[in-house]
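Take a look at the structure set out below.
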Amino acid sequence: MTELLSLSATEAQQALRQKECSAVELTTAYLGAIEQTAELNNYVAVTADKALEMAANSDQKIAAGTAGMLEGLPIGVKDLFCTQNVATTACSEILRNFVPPYESTVTANLWQAGGVMLGKLNCDEFAMGSANETSCFGPAVNPWSADTPLAAGGSSGGSASAVAAHSALLATGTDTGGSIRQPAAFCGVVGMKPTYGRCSRWGIVAFASSLDQAGPFTRTVADSALMFSAMASHDPKDSTSAPEAMPDLSKALSQGIKGMKIGIPAEYEMDGMDAEIVALWQQGQNWMREAGAELVEISLPHTKYALPVYYIIAPAEASSNLARYDGVRYGVRSDDVQSLDDMYEKSRAAGFGEEVQRRIMIGTYALSAGYYDAYYKKAQQVRRLIRQDFDTAFASVDAILTPATPTAAFALGQKQDDPLTMYLNDVFTVPANLAGIPGISVPAGLSKDGLPLGLQLLAGAFCEDKLYATAATLESMANFKTSAPKAA
Amino acid sequence: MSVDKDTVKKIGRLARIHVPEQSQEQIASELNHILSWVEQLGEVDTSNVEPLASVTGHSLPMRSDVVTDGEKADDVLKNAPQSASGFFVVPKVVE
Amino acid sequence: MSNLVSGRTGDWEVVSGMEVHAQVTSQSKLFSGSSAQFGAEPNMHVSLVDAAMPGMLPVINEECVRQAIRTGLGINAQINLTSVFDRKNYFYADLPQGYQISQFQHPIVGEGEVVIELKDGSQHVIGIERIHLEQDAGKSMHDQHPTQSYIDLNRSGVALMEIVSRPDIRSAEQAGAYIKKLRSILRYLGTCDGNMEEGSMRADVNVSVRRPGEPLGTRTETKNLNSVRFIMQAIDYEVERQIELIEEGGQVDQETRLFDTSTGTTRAMRSKEDAHDYRYFPDPDLLPLSFTQAYVDSLKADLPELPDQIKQRMVSEYGLSSYDASVLTEERETAAYYEAASAGQDRKMVANWMSVELFGALNKAGVSLADCPVAPQQFGALVALITDGTISGKIAKDVFADMFETGKDPADIIDAKGLKQVSDTGAIEKMIDDVLAANQDKVAEYKSGKDKLFGFFVGQTMKLSKGQANPGLVNQLLKAKLDS
């Protein structure tokens, strides 16, 4: 049983193809793992019956020789993706009772490819957070925790933790400021954010529309390329969906990085970074050099402004995107009210958690009369400069190597006094969202406390081939084989 | 650019989120803390820089004028906290 | 010609502008694929996008873009090849997203103009500041229940063009002419059906007053007027109210007002809120709207002839008066009817007869021109029968009444009823002789100077001929006989 759970997706595919196991057996193993790791609080809903039904279907297709790209592979879905007739809450009280009559494009693509839905995964409320602590269902716990529960990262904490805990083979996440890459680093798994527009946003609960991107959580880089290929599509229902063709990813995975240029941005060496992380970053550079790449020092001069830019733009867009949660057409509505406005004010105060309310307030303020130019417009201007920094860099390098997070996973509850301390977690990941470029976090080593540390690779827009080529090499050089202590 | 209790009340009103009297001071201070941090953007010279509203570089794709949707009042009303005779129901508004 | 209104303490000038919301003629909505047609059961023309379900996204309808460009071309406006959609954020039960997708700083159409003509023949140019595309909101019903309001989202997301005029309007009469002309242009183009009762076109009117030569006064906005009459009434009422208020030492508050159709008055909206802070920002779910000059040019080449062009032609080629041409070109269907009816005929005469007889009959019967029982060719044939002398104008009125009732051809009616005009000189002379013989005393009075009696003899002759004598000939022959 545990053996089945330790198979990567590509290995599981082979096992299914060669009839070493059935899809139903595989899914049953995962449903068992979910129960076994329940204390990690990764799942907010388990769709066991549906999963077994889908697995049985997969077995038929495999037998008939019509297997899809992900046939029979068990997948956990971040509870931000609308799943038809399955409760979708965004881990918020305000959507506790919402059951969408529609399926998001990304998850529809996964089921179309033969994926099996295990259930909905925990996340920060409305994807706002870096430790999965703002969820109305309680925090997700990192399977690398010993006695003290550690944060799984956020906002896709449940997804990262489940893949690390072997209670999901694959998981979907969304990344707006680092919400895939940061939890992936904390949990020792591979997390990838595509170029903005690769994955459709239709049917994903919107947080910050110009930044949100769905992406895969997996155990290996090869699994990541596989899942990403299935998730991505050009969707005419999403006006921001990219029409650009997908490069050949399987070729990328095996091509190596000889002759490629890898940029090392000076500005990513920051005060207060763990010495271990600096060391790992250096180690990563050595690995890349060993594998035949040329390391180039580059400058991304506006790096330090990326976080404040993000913390204006994201809340501003969110304040508008979350206006629809008003208790009129769906979601929770307060009863003891005197008027329509009273209903709005009470429902939203009761339904939204503290962090969400805080960001809505900031966003509303940043857009309000008299402040728009100083905040929102200014942030969009600096955003262009950040994008230009990357455009300039990618004119001379193929990929950029950076740390993924400033620290290893911290204890739950540790960063709750000052919101700013939490925001600083995203310092390495946010620039890629602002520029719309793809990024991936690959587990690269362990801290002295035995916690996973990740390294991040970035590539130019639509260059997922370069991203996966460098990531595959990094993975092979790092040879990170440790399993999380609390994994099933 | 400093946020006080009154501003918090005003923003709460704009955002339709009830902020209890006793929390207004604390929220004002939290917001000020974050806002003074973002104000470092003032250091950046952005004269002649166009705001970047969209990273895709494309312009808006259009769809043909064909009716492809609707006729699903059941789905539309399915999650409504209150509905009647096909309408959404809310507390009465006086204009 | 003065537009000034006199108050207690002197003259005042009216300054007014209008924001017209015109529903775009299209099959589906602006950003979703549900139907834009009026009249369905509640919430049936609503998609998940219209209902603003979590994760829903807008996709623009190319026909709405096309219609907006065509409207801009129809008012000689600048077409902006790139424009941006912004979110206008506010909360209301009929606004599911909590924002309306509109255009703020970069609208699709820039400055243009509409030329109006008043009854006195004066022409005025009303400047258009801009036209932009935006979503309509749903409908709230507040009068169905004591404590509840009902929301129907069928209209939510339907495409609107907001047409913003400059404050160039100087009287209620000008406002009426403006809205009628604008409506006419939109109907000619087929970009909006202009049906104000059904709500496909509604106006918000800004009104202020000032002493001539002084800076602008504070203006009020009266919203959601859905008829020409209400627009004019609202302006008149506001002007009077504001003048009275100022003359008594008060101040006009800048506020939004509603028009009460039953009393013809305006009142301030009950919610005395601070001015809305809409927090406009570019909609991040959309990209900038962009099209080429070539595209705009191709739309321009395919535009139908517009009322001003047709009117110009009618005045210069057909010799119609400017006012008559205005009336005939107000509706595309009227102009088309007129062209068909007057082809090869006396253009002016057909115009006169249409204005008086045809429109009169249609109005009285409550029938639209589209449902007119008389075809344009038939109408033209009737006028031809007058000009060639077959019947007199007076008889023609009776023939027309018959045509209107039966739809028959005028020639058939004349034959059937034996209404052919008598132009036989000999026959008329005989009738005149009979009349004069029977009224010798009046003949004597006439000859001694009572000229007015001429009309009497004419009348008697016509009566004797059962109205069929050619009146021109009667006049001529009678005169000859009397003056001999």
Side-chain angles (χ1 to χ4, degrees), chain A residues 97-102 196-197 210 236 239-240 242-243 302 305 308-309 311-312 319 323 326-333 337-346 348-349 352 357-358 360-362 364-365 368 371 374-375 377-385 387 418-420 435-436 461, chain B residues 1 3 7-8 10-20 23 27-28 30-31 33-63 69 72 74-83 88-94:
Chain A
N97 57 3
F98 179 64
V99 181
Y102 52 95
Y196 182 83
S210 75
S239 295
T240 60
H302 297 91
Y305 299 111
V309 166
Y311 277 101
I312 291 173
S319 70
D326 57 10
V328 174
R329 292 145 289 114
Y330 47 80
V332 156
R333 180 196 288 196
V337 296
Q338 309 302 321
S339 66
L340 180 67
D341 276 345
D342 201 27
M343 181 189 97
Y344 287 153
E345 295 200 1
K346 291 200 170 119
R348 289 160 64 80
F352 289 139
Q357 290 194 35
R358 190 177 293 128
I360 290 176
M361 300 285 270
I362 293 176
T364 305
Y365 185 71
S368 66
Y371 298 109
Y375 290 116
K377 181 168 170 205
K378 185 78 180 181
Q380 293 283 44
Q381 288 172 308
V382 179
R383 183 178 182 178
R384 183 176 291 278
L385 295 175
R387 165 75 189 222
D418 181 357
L420 273 187
Chain B
M1 312 234 176
V3 171
T7 315
V8 169
K10 229 173 73 182
I11 302 173
R13 186 85 193 86
L14 273 179
R16 294 297 189 276
I17 298 179
H18 173 67
V19 181
S23 320
I27 293 179
E30 273 173 17
L31 294 185
H33 184 51
I34 296 170
L35 290 169
S36 51
W37 172 66
V38 302
E39 256 151 43
Q40 62 184 285
L41 292 184
E43 293 165 17
V44 185
D45 181 6
T46 51
S47 39
N48 304 321
V49 180
E50 268 301 294
L52 183 67
S54 164
V55 289
T56 71
H58 291 291
S59 50
L60 194 55
M62 301 200 255
R63 47 162 253 277
D69 215 336
K72 49 172 69 161
D74 288 339
D75 278 352
V76 165
L77 290 160
K78 187 176 141 186
N79 283 277
Q82 219 187 334
S83 61
F88 293 101
V89 176
V90 298
K92 193 173 165 102
V93 180
V94 180

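Please read all numbers here as calculations on a predicted model, not as lab measurements. Throughout, a chain's letter reflects where its sequence line sits, starting with A, and its residues are numbered from 1.
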B:Gln40 to A:Tyr305 - nearest heavy-atom pair and separation
O-CE2, 3.6 Å
Between A:Ile312 and B:Leu41, is any pair of side-chain heavy atoms under 4.5 Å apart?
yes
Non-hydrogen atoms of chain B under 4.5 Å away: do they reach the side chain of A:Asn97, the backbone, both or neither?
backbone
Would you mind checking which part of B:Val19 comes under 4.5 Å of any heavy atom in chain A, side chain (CB onward), backbone (N, CA, C, O), both or neither?
side chain
Ignoring hydrogens, what is the shortest heavy-atom contact between B:Arg16 and A:Asp341? Give both atom names and the distance.
NE-OD1, 3.0 Å
What part of A:Met343 lies closer than 4.5 angstrom to a heavy atom of chain B: side chain, backbone, both or neither?
side chain
Heavy-atom contact with chain B under 4.5 Å, split by part of A:Phe352
side chain
Atom CD in B:Glu50, atom NZ in A:Lys377: separation rounded to 0.5 Å?
8.0 Å
Go through B:Pro81, B:Ala80, B:Ser23 and name the one with the most non-hydrogen pairs under 4.5 angstrom from chain A.
B:Pro81
Taking every non-hydrogen pair under 4.5 Å, which of A:Tyr311, A:Phe98, A:Tyr196 racks up the most with chain B?
A:Phe98
Is it true that a side-chain atom of A:Arg348 and a backbone atom of B:Ala15 form a donor plus acceptor pair closer than 3.5 Å?
yes
What part of B:Ile17 lies closer than 4.5 angstrom to a heavy atom of chain A: side chain, backbone, both or neither?
both
Give the minimum heavy-atom separation between B:Val55 and A:Arg387, together with the two atoms involved.
O-NH1, 3.6 Å
Please classify the contact of B:Ser83 with chain A as side chain, backbone, both or neither, using a heavy-atom distance under 4.5 Å.
neither
Let me know if B:Glu30 has heavy atoms under 4.5 Å from chain A in its side chain, its backbone, both or neither.
side chain
Contacting moiety of A:Val328, where chain B heavy atoms sit under 4.5 Å
both
Quick one: of A:Lys346, A:Gln380, A:Gln357, who has the most non-hydrogen atom pairs under 4.5 Å with chain B?
A:Gln380
Choice from A:Gly436, A:Ser210, A:Ser239, A:Gly197 maximising heavy atom contacts with chain B below 4.5 Å
A:Ser239
So which atom in A:Pro243 and which in B:His58 form the shortest heavy-atom distance, rounded to 0.1 Å?
CD-NE2, 3.6 Å
All heavy atoms of B:Pro91 vs all of A:Ser339, minimum pair found to be CB-C, 3.8 Å
Part of B:Asp74 lying under 4.5 Å from any heavy atom of chain A
neither
Portion of A:Ser319 that has a non-hydrogen atom of chain B nearer than 4.5 angstrom
neither
Contact check, side chains of A:Tyr375 and B:Glu39, non-hydrogen atoms, under 4.5 Å
yes
Is it the side chain or the backbone of B:Thr46 that comes within 4.5 Å of chain A heavy atoms, both, or neither?
both
Atom OG of B:Ser47 and atom CD of A:Gln381: how far apart are they, to the nearest 0.5 Å?
8.5 Å
Has B:Asn79 got a side-chain atom pairing as donor or acceptor with A:Val99's backbone, closer than 3.5 angstrom?
yes
By a 4.5 Å heavy-atom criterion (distance strictly below it), what part of B:Leu31 contacts chain A: side chain, backbone, both, or neither?
side chain
Using a 4.5 angstrom heavy-atom cutoff, name the option from B:Arg63, B:Lys92, B:Gln82 with the most pairs to chain A.
B:Gln82
A:Ala461 versus chain B, heavy atoms under 4.5 Å apart: side chain, backbone, both or neither?
neither
Contact class of A:Val309 relative to chain B, heavy atoms under 4.5 angstrom
both
Cut-off 4.5 Å, heavy atoms of chain A, and the answer for B:Ile27 is side chain
Sort A:Ile360 into side chain, backbone, both or neither according to what part of it lies under 4.5 angstrom from a heavy atom of chain B.
side chain
Grab the two heavy atoms, one from A:His302 and one from B:Val44, that are nearest each other, plus how far apart they are.
CD2-CG1, 4.1 Å
Please name the residue in the list B:Leu14, B:Leu35, B:Val8, B:Ile34 that meets the side-chain contact (heavy atoms from CB on, under 4.5 Å) test with A:Tyr365.
B:Leu35
